[in-house]
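In what follows, chains carry the letters A, B, and so on, assigned in the order in which the sequence lines appear, proteins first and then strands, with residues in each chain numbered from 1.
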2 protein chains.
Amino acid sequence: MSAVLVIEDDDRIRLSLMLAMEDEGYTVRGAGTAEEGLRAHRAEPADTVLVDLMLPGMDGFEAIRQLRRDDDVPIVVVSARDDTHDIVAALEAGADDYVVKPVAVKELSARLRALRRRSRTTLAEPVPALRFGDLEIIPEAGEVRLAGDAVALTRTEFRLLCELADHPGRVLSRQQLLQRVWEYDTGDERIVDVHVGRLRHKIEHDPRTPRHVVTVRGLGYKLQR
Amino acid sequence: MSAVLVIEDDDRIRLSLMLAMEDEGYTVRGAGTAEEGLRAHRAEPADTVLVDLMLPGMDGFEAIRQLRRDDDVPIVVVSARDDTHDIVAALEAGADDYVVKPVAVKELSARLRALRRRSRTTLAEPVPALRFGDLEIIPEAGEVRLAGDAVALTRTEFRLLCELADHPGRVLSRQQLLQRVWEYDTGDERIVDVHVGRLRHKIEHDPRTPRHVVTVRGLGYKLQR
DNA sequence: ACGGGTTTGTCATCCGACTGTCATACCTGC
DNA sequence: GCAGGTATGACAGTCGGATGACAAACCCGT
């Protein structure tokens, strides 16, 4: 039904977590290292990830960042360390929640439900396929078609396009795009220009006179038609 | 920018929470009882709600349920009780997170950020298009249409038009326009004339006899339908 | 762990559009 | 007709956006 991935190096804890989650009705997979976990998730994406922070090799923070790079899956840190600094760092890295071991199974389960409730409402929204004239965007397939032909976009270009497509006809400022696509709170806004340029070269018939990704001088960019 | 509502009966704790949140850049409001909090939220919805569980009168659980009845606002419980049963009950009632007092401000702040990132509403808001006869202003698209055809305005022209449109039929002095459009406290009022002229050339059928942007001799300009 | 190809962010630079200023012409109410 | 207020056209400086080059970071299969 819905799959949980447990990344935890201590075999005993991992197994007990997995058992507990299984009892709650989840399909469960486990991984002993961050690398293994990432690979497993790439092979078959989970619906929720539980991750420890202290792992051999790549640590949990880095694992979270890598997961978050191109996935919106709910991530809950399950760590032995009850330390503000760790908690903040993990959440900043992209985790959604942080619980301290040992944790009551009932609590973990309730937190997962709360998180999944929250994620579903925002994630289930994206429309199956978006059309803008001859431009077709299939978000879940990560695919874009131009007059029926698939176009190869990079991750950043795709996210940029999706963000614009989520608000058709509406101007998004460079600042907004930076925050939503790059998750930067601050930074050089020019990178947006550069990527818009690259995107245009791929999806506009004539990049010099864009018909889809339109510049609104002084305000930002918008996607139209 | 974004508003936090703190519902907590202990004055000291409420104030310290509010101060902390203010430091983090939020606009903050407080309430001492659940009833008061619900009323405040109805009057002016917050973007995030912090709520205690033990409140005089209606308790926190019920407050959460009532909030959830018709609102998707992120809710974080800030409680003194570190009890699995309470945590589960609060999350089941509709809370998104549960932290135990005393909580590090940095942690609370990080949890709020994580939650807001997750709940970022991607719902396209209704289009508040303004109409003045055949003139149509779509602020969020940065677009102006004249009899259905898009008109290319510069940023200054657009802001000027929006400012006039925000007060239909009302005369705005050059001084007011300077302040609101140019954000000048002082300066040559003639700039306004020049830009009004340019604007007219773009949105008036006959710029010599303007029908929309009208001069009121000695006072300023106004926009009419 | 390694290495080649890809993607990404930064930068310098170019170009055109926009802006403010001014001089001048125009208009309106008295 | 006069005077104060308003409109307009020209102009040069400035600003914002586009682009190509480049190096670092990243990703992937080996």
Acceptor/donor pairs from residues 149-156 of chain B side chains to any protein atom, 3.5 angstrom cut, sequence neighbours excluded:
residue, atom, partner, partner atom, Å
Thr154(B), OG1, Glu157(B), N, 3.3
Thr154(B), OG1, Glu157(B), OE1, 3.4

Give [X] one of three labels, base, sugar-phosphate or nothing, depending on what nucleic acid heavy atoms sit under 4.0 Å from its own.
X         : answer
Val196(A) : nothing
Phe158(A) : nothing
Ile191(A) : base

Would you indicate which nucleotide in dG20(D), dT8(D), dG4(D) comes nearest to any side-chain atom of Arg217(B)?
->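 My answer, after comparing the listed nucleotides, is dG4(D).
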
Of all the choices, dT19(D), dC11(D), dA18(D), which nucleotide is nearest to the side chain of Arg198(B) once you look at every atom?
->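 The listed nucleotide nearest to Arg198(B)'s side chain is dC11(D).
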
Nearest atoms (heavy-atom pairs only) where Ala95(B) meets Val77(B) |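 Heavy atoms only, the tightest pair is CB-CG2, 3.7 Å.
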
So, Arg113(A) versus Ser109(A): side-chain donor-acceptor pair below 3.5 Å or not?
->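 Yes, because at least one side-chain N or O of Arg113(A) sits under 3.5 Å from a partner of the opposite role on Ser109(A).
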
Specify the separation, in whole Å, of atom [atom1] of [X] and atom [atom2] of [N].
X         : N       : atom1 : atom2 : value
Arg190(A) : dA18(D) : CZ    : C1'   : 10 Å
His195(A) : dG20(D) : NE2   : P     : 15 Å
Glu35(A)  : dC26(D) : CD    : C1'   : 16 Å

Charged N-O contact under 4.0 Å between Lys101(A) and Asp52(A) |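 Salt bridge flag = yes for Asp52(A) with Lys101(A).
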
Pair Arg68(B) + Asp96(B), salt bridge at N-O below 4.0 Å = yes

Positional range of nucleotides in DNA chain C within the contact set of chain A, heavy-atom, under 4.0 Å | dT7(C) to dC18(C)

Can you pull every protein N or O that's under 3.5 Å from an N or O on nucleotides 28-30 of chain D?
none

